[in-house]
Participant: 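If you scroll down you'll find the structure; I have some questions about it.
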Amino acid sequence: MFLAGKRALVTGSTSGIGLAIARALAAEGAKVVLNGFGDEAEIAKLCEELGATHSGADLTDVAQIEEMMAGTGGVDILVNNAGMQHVSPVEDFPVDKWDKIIALNLTAAFHTTRLAVPGMKEKGWGRIINTASAHSKVASPFKSAYNSAKHGLDGFTKTIALELAADGITANCISPGYVWTPLVENQIPDTMKARGMTRDEVINDVLLVKQATKKFVQPEEIGALAVFLCRDEAQNVNGANWSVDGGWTAE
Ligand code: NAD
């Protein structure tokens with residue numbers, strides 16, 4: 001329980017990877033603030049299970065981010081994890097989807113960070129963990145907004161890692177390959193359309209083709225790495241972009 005007494009905000013934690021990170025941090029004693037959308041009763045159950053509170057802030061809206069951050073009363077661990085995907089050829093890419101993906105996957109992390117940093121600096125301790133993606137290092141076609149946002153998140157993380165290092169604050173990216181979550185499942189129909197493939201072809205010939213282990217990453221593996229990054233032993237892990245992608249980006 002080495003995180004007892006620490007407060008952690010995990011954005012996009014009502015589902016998938018964020019929920020696994022929230023569970024892992026709570027298991028080490030952190031007081032967790034969940035964020036994200038979903039069924040109210042299920043979210044209430046999660047809060048009870050984790051001893052957590054919940055903010056339903058829409059992170060594409062700056063005013064809602066500011067309200068959420070003020071409501072947390074300061075966080076020691078900030079996990080910028082909320083994200084969305086859209087798959088489409090660039091010439092057909094809906095403009096509103098581009099704007100939303102950049103807002104949620106990149107700009108929201110800037111806002112939460114700028115609002116969390118003064119409190120971390122005061123305490124002389126902080127951990128900022130950004131869920132990037134293999135797509136922060138390499139691209140795949142038809143994901144122009146997502147690839148741009150995730151490459152940007154990597155650059156943002158390196159920048160703040162340098163700015164905040166002397167204040168006892170580290171900032172790192174975790175970059176998963178394909179993790180079986182609703183975000184991945186929901187992109188299968190559009191990928192089938194964009195590439196003229198069947199569902200099985202999308203899974204085997206697109207999603208897992210570069211993941212050398214031929215296995216989807218489990219959300220719990222990301223949770224375990226997030227916990228490690230919070231340890232004192234990780235105090236010199238700063239500005240890194242950790243791949244958890246079965247070897248995809250080693251090629
Ligand atoms: P998910 O769809 O299971 O979860 C997304 C979470 O974000 C949910 O809690 C949802 O309610 C929340 N959310 C969505 N829009 C929001 C908004 N406007 N404001 C606040 N919260 C919002 O997705 P996931 O697969 O767990 O993805 C989590 C992160 O991991 C994302 O940043 C994603 O890009 C990244 N990632 C996922 C994979 C993968 O294979 N699943 C791979 C690499 C990176």
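Order of appearance sets the numbers: ligands from 1, and atoms from 1 within every ligand. Treat the numbers as computed from the prediction; the structure is a model and nothing was measured. Just the heavy atoms: all of them, side chains too, but no hydrogens, waters or symmetry mates, feed the values below. All residue numbers in this chain count up from 1 along the given sequence.
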Participant: Give yes if a backbone or side-chain nitrogen or oxygen of Ser133 is under 3.5 Å from a nitrogen or oxygen of ligand 1, and no if not.
Facilitator: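 No.
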
Participant: For His86, run the ring-ring contact (aromatic ring centres under 6.0 Å, His included) check against Phe93, Tyr146, Phe142 and tell me which one passes.
Facilitator: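 When Phe93, Tyr146, Phe142 are each tested with His86, the ring-ring contact (aromatic ring centres under 6.0 Å, His included) holds only for Phe93.
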
Participant: Starting from atom 4 (O) of ligand 1, which protein heavy atom do you reach first, and at what distance in Å?
Facilitator: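 So the nearest neighbour among protein heavy atoms is Ser15 OG, 3.7 Å.
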
Participant: Heavy atoms only, cut-off 4.0 Å: how does Leu104 contact ligand 1, side chain, backbone, both, or neither?
Facilitator: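 The side chain, only.
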
Participant: Is there a polar contact, in the sense of an N or O pair closer than 3.5 Å, between Ile17 and ligand 1?
Facilitator: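 It does: an N or O of Ile17 is found under 3.5 Å from an N or O of ligand 1.
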
Participant: Any atom of ligand 1 sitting under 4.0 Å from a heavy atom of Gln64?
Facilitator: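 Not so, Gln64 does not reach ligand 1.
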
Participant: Which of parallel (below 30°), tilted (30 to 60°) and perpendicular (above 60°) describes Tyr178 and Trp248?
Facilitator: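 It falls in the parallel class, under 30°.
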
Participant: Is the closest N or O pair between Thr181 and ligand 1 shorter than 3.5 Å?
Facilitator: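 N/O-N/O distance under 3.5 Å: yes.
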
Participant: Tell me whether ligand 1 is touched by Ala103 - counting only heavy atoms on the residue side and a distance under 4.0 Å.
Facilitator: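 Outside the 4.0 Å threshold, so no.
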
Participant: Looking at atom 32 (O) of ligand 1, what's its closest protein heavy atom, distance included?
Facilitator: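 Looking at atom 32 (O) of ligand 1, the protein heavy atom closest to it is Asn81 O, 2.7 Å.
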
Participant: Is Gly38 near ligand 1, meaning one of its heavy atoms is under 4.0 Å from it?
Facilitator: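 Outside the 4.0 Å threshold, so no.
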
Participant: Is there a donor in the side chain of Asp92 and an acceptor in the side chain of Ser88, or the other way round, less than 3.5 Å apart?
Facilitator: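 No, because no side-chain N or O of Asp92 sits under 3.5 Å from a partner of the opposite role on Ser88.
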
Participant: Please state which protein non-hydrogen atom is closest to atom 23 (O) of ligand 1 and give its distance, to 0.1 Å?
Facilitator: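 Checked against all protein heavy atoms, atom 23 (O) of ligand 1 sits closest to Leu183 CB, 3.3 Å.
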
Participant: Of all the heavy atoms in Gly177, does at least one lie under 4.0 Å from an atom in ligand 1?
Facilitator: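 Heavy atoms of Gly177 do come under 4.0 Å of ligand 1.
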
Participant: What are the two closest heavy atoms between Lys214 and Val209, and how far apart are they?
Facilitator: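 The pair with the smallest heavy-atom distance is NZ-O, 2.8 Å.
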
Participant: Out of all atoms in ligand 1, which are within 4.0 Å of some heavy atom of Ser13? Include the element for each.
Facilitator: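 This gives 9 (O) as the contact atoms.
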
Participant: Checking side-chain polar atoms at under 3.5 Å, does Ser13 have a donor or acceptor matched by the opposite partner on Asn35?
Facilitator: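 There is no such pair between these side chains.
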
Participant: Any atom of ligand 1 sitting under 4.0 Å from a heavy atom of Ala132?
Facilitator: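 Yes, Ala132 has heavy atoms under 4.0 Å from ligand 1.
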
Participant: Determine whether the side chains of Ser175 and Asn241 contain a donor N or O and an acceptor N or O closer than 3.5 Å.
Facilitator: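 There is such a pair (donor and acceptor under 3.5 Å, judged by atom type) between the side chains of Ser175 and Asn241.
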
Participant: Taking only non-hydrogen atoms of Phe216, do any sit less than 4.0 angstrom from ligand 1?
Facilitator: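 In this structure, Phe216 fails to qualify as a contact of ligand 1 - no heavy atom is under 4.0 Å.
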
Participant: Minimum heavy-atom separation for Ile129 and Cys230, please, with both atom names.
Facilitator: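 Nearest pair, atom of Ile129 first, then Cys230: CD1-SG, 4.0 Å.
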
